[in-house]
Structures are given as C-alpha cells and as structure tokens.
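None of these values were measured; they are calculated from a predicted model. Residue numbering restarts at 1 for every chain, and letters A, B, ... go by the order of the sequence lines.
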Amino acid sequence: MDADALLAAVQRTVPEAVAVAAGPGRYLLVPAAAVDGLMLRLRDETELAFASLMDLTGWDLLGMPGAEPGIAVGWWLESPRHRHQVAIRVHLPREAPAVASVAALWPVAGWWEREVYDLLGVHFSGHPDLRRLLLPEDWEGHPLRKDYAYPVAYRGVAHARDGQRFAAPPAAKPKPGGA
Amino acid sequence: MGGTDPDLPDGVHLTAVDDLFAWGKEHSLFYLLFATACCGIELMQTGGPRYDVDRLGMIPRATPRQADLMIIAGTITHKMASRVRTLWEQMTEPRWVVSMGACANSGGPFSKASYSVLNGVDKVIPVDVYIPGCPPRPEALIDGVMVLRERVRRYRTLGLRDRDPQVIAGADDDFGTHPGKA
Amino acid sequence: MSGERMILNMGPHHPATHGVLRLEVETDGEVVAAVRPDIGYLHRSIEKIGERVEWAQFVPYTDRVDYVCAMNANHAYVLAVEALLAHDPATRLAIPRRAEAIRVLVAELNRISSHLIAVGAMAMDIGAYTPFLHAIAQREAVNDLFERLCGQRLTYNYMTVGGVAFDLHAGAEEQIAAFLGELEREMVRFNRLVTANAIFRERCAGVAVVGAAEAVAWGLSGPNLRGSGVAMDLRRDAPYGIYGELDVQVPVGEAYAGARGRVGDCYDRYVVRLLEILESVRLIRAVLGLLPPPAAKADDPVGGFQADATKALRAPPAGEVRVRTEAPRGEMAYILVSTGGRQPWRVRVRTGSFTACAMLGHLLPGVFLADVVAIIGSLDIVLPEVDR
Ligand code: SF4
C-alpha cells in the first residue's frame, strides 16, 4: 500500500481521524476520547495489522507558533507484516492532560507511558503502574514542559556549579609532604 | 623507602613503617569497577590488552570493600549521587578518588543545559585527582593515576585514625544516621 | 518447591548490568520470581538539551545517546535533519556521494566494534574474562582508525548535517582492508574460544526464549528481533544512505545451539551478532569498492565530503520528521519537530535498548538467578540509550 492508500484505509477504520501534513511528516489527529477504542481496531484489522508500537512520546505546544497551547502525544505504529507505518496524534489540555493507556495492547507502551508521565505529566488512564520512570519519585515538575524551571537543588545538593565541595575527613587526607 | 645500611646483616633493611606501607599501597591500587557512562568504556579499554593497567598493580574489584581507589568514570546524575556516596562510604580507609572526564569534574557537556546531571562529583565525595577530557584518553587516565600515586606515597598511616566524615547540610538524607546529622 | 521469597538488589552499581541499571529481583530459592527494573540513573536530559541548542550543535550529544556506537547515532540524527531540510527546495542539501559512502563505511565499522563489546561482555558475564580482552583488542584497531579520521576514540562528532567533518585520511582504505583481514582471522579464533565452547553454549541454550510474536509486540528490534527469527533489517527493508545499492544479508536466529537450543534464545541472539560482524565486513568491502575518488572541492556532488548546511540550518522548514535507522542495538529513530527556527522544538530519540530493557520485567521471572546476567548480556542493553 502506498502512503495515500494507507491513510485512506486507516481513515476507513478510524473515521474520526483527521489527516494533517506537517512539513515532511504526516499524522492522523484524533480526539483524545477516541483513543481507547481505535487502537484496538488499528492493531487487529487484518488490512492494517499494526502489531508493533514503535514509539510513543509527546511534547509541549506552549508558545509553538501556529499551535494552541496544549500537550501533543503521539503513537507511531508499524506493521511488520505489511511493512507500513502510521502516526497517530492527540492534543491534550496542559491542565491535567489525560488519555487512555495502550499498555494492554502493546506491553512495551507501559514504560513509554511512564516516561511521558514523568517528563510531561500526562496521565494515562488504565495504566497498571503509572510512576515516574527516569527521574526519582520525589522530583518536582515535568522537565519537558516548556515552562519547566530547572531545579535549584535536589536533596540538599545544589544543582548549579557553585563551588560547593564535599570536604574530606581531615584525618583521612593528611597534609602532603610528610615523606 | 629508606636506605640499606652496609653494617646490617643480609636481609635486614631499615625503613619507616609508614614508608613500607605506602610503598605497598602505591603498587597495589585496586580500583572499584565503577563506570556510569561513556568514560567507562575508556576505563574498560584502559584495563584491556593495550594499556593494561594490571601492570601497575591495578586490579578491578567488583565490591567497594576491597577497593582502594574509586575512579568516577562518567556522568553522575542527581539520582545516582546518593549511591556514589554510599559506595564511597563502604570503601575502607585510606580511600582515593579519581574523577575521570568532564562530567565527573564539573558536569561537562551537561553542566548548563541539563536538569538532572550533578555538576561535579566533588559535591558529594572528595576528589583527589581530576582528569580532563571527554573522554580522557587511556594515557591521560594512567597519567592521573601516576599523580595519585605521589599522593599515596605521602600518606602517613600510623597514629592517624579517621574521624566521621563531614557532611554537607542536607546531603546525607539517604545515608542513615551520621553523628553530624541532627 | 516454594520457600520464602528474598529480595535481591542488583545495581545500580553492578559490574554485570552494563552500566547503571538497577534490578530489584525477588527470588524463590535459585529461581527469579519477579523483577522490577529501575532506570534513570543515567538520565542526562539529552532530549531537553535538544530544545536548547541549535540544530548542528546537537550532533555531539547524539554521540552520548549511544557512545558504544557513536557513529551510528550521529548517522541517525543527521539523516533526520537532512530529511527535514529536503522538504523545502530552498534548504535541500546535495549530499556528496562520497560523504554518503563514508558514512556507511564508518557506521559499519562502528557496528563491528559495538558488537565486539556486546559479545565480549556477554562472555564475561557468563564467567569467561579472556574473550572480552580479545574483543577489546580488535576494538582498539577500530578506535585507531577513527582517531586518525576524526581525532577521537569514542565520541566522534564526525558526521555533520550535509556530510562528514573530514575526508578519509591518506591510506585509510588500505588500513581498513588490513583490519578486516585481521578481524576475520580473529573471529575464527574467537569462535573456537567461545562460540564452540560447550559450557558457554549450554549456559545460553534454551535460556530466555523470545518468540517472534512476543518480540514484535514488545517492539524489539535489531539483533534481538532477528535472534527471534524475524528477518527485519532497516538497511535492507527501508534503506537509507547508500544501503539501497548494497546487498544486505539478514541473518536470523535458527536455534544454533543444537539439541537444547530454541529459536530466540540467548545463544541465537549471540550468534546473530557474530554473523552481523561478518556481514558488516562484507558490506565495508563493498563500500570500499564503490567509493568515488576524492574531489578538489569539499561540496563536489560526487567526490566531496560535505555540503554546506549553515544557511539552511538558520531557517529550516517547519514540520516534523521521523527517520529510522538500523543501529547495532536496533531501530534508532529520531523524531524532530521544527517551527522553522534555529533550534529544534523537540528532539526525540527512540532506541533499541529501551524496548529490550522494558522487556526484562517480563522475561526474567522463571529463570535461574545466575542466568539473569547472561540474559542482560544477550540483549545487549546499553544504559545511555535507555535513559538518554
Ligand atoms: S566526560 Fe564526556 S565522555 Fe565522559 S561521561 Fe561525560 S560526556 Fe561521556
């Protein structure tokens, strides 16, 4: 299937999707509420057979020219059988963004969803274990947000290179020159 | 070490105990196999057949309890920092730290732009020798070790017992109870 | 028999986890009952840095996304930027053919040295230290080549948007050809030492079998996927650079370990990597055969090595691209979002190790504790790819 035929086929399966061209890339924008049902159809429709989730990520749209403030979350699906790919996208509000989890369909999504939750603060409803993945549990904020403020200190260790040094125990490192 | 007195019988050698100990320590710097990032690959290759640090008496140890030297090879993140400190505390005295590469020295390429990288491992443990480079060549690492050996040679053992480590305010949250902690 | 469960903490400092991976292993006697991987100890916020530097400045950071195969990581990123620039005729670059060939050349060389570390480290995890030294010795030869080429042994920053930073040095082709011959001889020795070793084979045979459907559902890629018998290689199936002109053979797992072996076990993943080393040797010879002679001008469309991208990178087209490449550890794909400015809006890198690592919690329960390190080694997990 060439790219146009594929998009048409996907849109037949997922009528609520809108094809969007963004420079060299193309994706299907879907309403967030539709994600829950549509992913299953994409995976199991024999004509499409998107058995692999190749990537799941997101980014902040705050301040992006020509975009409403929000969070974009995308799924990149691939069919090893038909050797074709599709990109699915939703736009979520920046306040309490939430979308359905697909971890039950593609197990690898479990970690990617935790990563997006960690870095962007998107809540994946139905995820069995939504915790931070990369940053420690007590980290503040979601770093990939455009308005993220860098930490001043973490657990008492300053973030900036400010000359703060750990002092050696005096007896362990005696003054040189004894020999 | 001290000189040999011709008046002494064969096999008797006069030296200060400290010198003898330092001589032993200097030639058997067992290092902790501690590699977090890119510099760790160079550390591995330094231990490999071409550079072969074994010939300097440097044998990698998997556990900090058997190591004299900790080579911080790679980026230390805030998440990792407390573990580095724990490992360092588990090493027996006298213990030495070599900071290998820009990341361990100061955060390196990640010092300004990153939110999660510790800007210099010397914020959590004391460092003896800093080696520049990203990554330093194996020769640079060996050179750093040679500098460290000078320090080891000057180390005085007897009569000096270590006291409790000094703790930066707040930096010890993870480390149980220190005398320094309220 | 079931006794009391014990929690064992492996890492983040553990010599066999290949970096700073932490596993919370729940054991029932000698058998692993559950595993909770904990990652992020090397999370260096590379994706965020991508939003704060200019397009060309990000190349050195791609080295650090995967330092074991920095050339391949460079390759993925520059291809992605070039795909973005190609959208607008005003910014499209004419990449010299020689540059494209050199890129494939160094990428394959780096694949060899990366796989050498992988198989050497796997043997070391299983308890054989010597093979690792043999692998490192060969890796040093590749490092020498790269050092002569670009001045660095590990983090090369060699590819640029538009080509490569330097042309091949004088005598590079002979040096490479000599290395390939030596490597082939060394691989025979290596196979005698490790691959044919009964203990090594028995430790790996039938351990941690990943079926084809399972591998696909977990998004595995690269040698891990091919070890499960799925013949999928982007160099052949979605060629980029000059791979389309090369005849890429794709070795897959075939239960190489004999009677106890199963398709997709640790031994298959190991053997696939060895076969890929030999395949890379073949590809490099082919590339050397079709390398155009150098031209006087750096941006000559055939014999040059670098097209000037300075102007194009000041105002790239807006939009997004996703470019996939076959790195030694599987699919390395960059997603770039551009608003037409001098800096990316978003840089995302998807790596093969991430999915392999995500699978650990699923794969390890039920195996013997002693096999855990062998399995991590066979998946060739490199932590900077996972944490980024
Ligand atoms: S100093 Fe450079 S090579 Fe070493 S860990 Fe840091 S980024 Fe990697």
Side-chain angles (χ1 to χ4, degrees), chain B residues 32-52 54 60-64 67 70 72-88 90 101-103 107-118 133-140, chain C residues 11-20 22 38-53 57-58 60-61 63-68 70 113-114 117 120-121 124 129-130 132-141 143-144 147 151-155 157 382-384 387-388:
Chain B
L32 180 64
L33 199 56
F34 182 69
T36 58
C38 348
C39 284
I41 303 283
E42 284 294 66
L43 175 62
M44 273 158 55
Q45 303 210 159
T46 312
R50 180 180 295 176
Y51 298 97
D52 190 18
D54 286 19
R61 306 308 304 174
T63 155
M70 189 173 185
I72 308 286
T75 321
I76 303 297
T77 59
H78 281 299
K79 191 170 178 178
M80 191 72 193
S82 59
R83 319 297 159 120
V84 174
R85 174 70 180 279
T86 310
L87 287 169
W88 177 77
Q90 286 175 349
C103 280
F110 305 98
S111 60
K112 287 246 165 57
S114 169
Y115 49 82
S116 53
V117 169
L118 183 71
C134 181
R137 296 182 51 88
E139 288 92 337
Chain C
H13 157 71
H14 189 287
T17 54
H18 295 203
V20 282
R22 176 169 165 250
D38 180 13
I39 63 168
Y41 291 97
L42 192 53
H43 176 57
R44 300 189 277 190
S45 53
I46 287 179
E47 291 183 0
K48 180 80 173 180
I49 291 172
E51 301 172 8
R52 297 167 65 109
V53 296
Q57 288 176 324
F58 189 66
Y61 289 99
D63 288 334
R64 277 118 189 123
V65 169
D66 192 345
Y67 42 73
V68 187
S113 67
S114 166
I117 287 245
M124 182 164 75
Y129 188 61
T130 323
F132 181 69
L133 297 177
H134 283 268
I136 289 277
Q138 292 303 307
R139 190 183 155 90
E140 286 284 357
N143 284 5
D144 281 351
E147 188 175 11
Q152 257 292 13
R153 285 165 49 86
L154 191 70
T155 49
N157 188 17
V382 168
L383 267 293
D387 292 347
R388 283 154 291 137

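Taking a cutoff of 4.0 Å between a charged side-chain nitrogen and a carboxylate oxygen, C:Asp144 and B:Arg50 qualify as a salt bridge.
Contact annotation for C:Arg44: both backbone and side-chain heavy atoms come within less than 4.5 Å of a heavy atom of chain B. Residue C:Glu51: no heavy atom, backbone or side chain, is found under 4.5 Å from chain B. No part of C:Val53 comes within reach of chain B, as not one of its non-hydrogen atoms sits under 4.5 angstrom from that chain. The part of C:Asp38 that comes within reach of chain B is its side chain, from C-beta onward, which places non-hydrogen atoms under 4.5 angstrom from that chain. Heavy atoms closer than 4.5 Å to chain B are found in the side chain of C:Asn143, but not in its backbone. Only the side chain of B:Leu32 has a heavy atom closer than 4.5 Å to any heavy atom of chain C.
Side chains of C:Gln152 and B:Pro135 form a contact here, defined as non-hydrogen atoms less than 4.5 Å apart. Here the side chains of C:Ile117 and B:Met44 are in contact, with some heavy-atom distance below 4.5 Å. Between B:Phe110 and C:Ser45 there is no side-chain heavy-atom pair separated by less than 4.5 Å. Annotation: side chain of B:Thr36 is not in contact with side chain of C:Tyr41 (no heavy-atom distance under 4.5 Å). Between B:Ser116 and C:Lys48, every side-chain heavy-atom pair lies at or beyond the 4.5 Å cut-off.
B:Pro49 approaches C:Ile136 most closely through the heavy-atom pair CD-CG2, 3.6 Å. Shortest non-hydrogen contact noted between B:Ala35 and C:Val20 is O-CG1, 4.5 Å. Taking every heavy atom of both residues into account, C:Leu133 and B:Gly47 meet most closely at CD2-O, 4.3 Å. B:Thr77 and C:Gly40 get closest at one heavy-atom pair: OG1-O, 4.2 Å.
Here the side chain of C:Tyr67 pairs no donor or acceptor atom with the backbone of B:Gly40 at under 3.5 angstrom.
Looking only at heavy-atom pairs under 4.5 Å with chain C, the residue among B:Pro60, B:Gly74, B:Pro64, B:Pro138 that has the most is B:Pro138. Of the listed residues B:Pro109, B:Gly48, B:Cys103, B:Cys39, the one with more heavy-atom pairs under 4.5 angstrom with chain C than any other is B:Pro109. When B:Cys38, B:Cys134, B:Ser114 are compared by the number of non-hydrogen pairs under 4.5 Å with chain C, B:Cys38 comes out ahead.
Rounding to the nearest 0.5 angstrom, the gap separating the OG1 atom in C:Thr155 from the CD1 atom in B:Ile41 is 11.5 Å. From C:Arg139, atom CZ reaches atom CD of B:Gln45 across 5.0 Å, with rounding to the nearest 0.5 Å.
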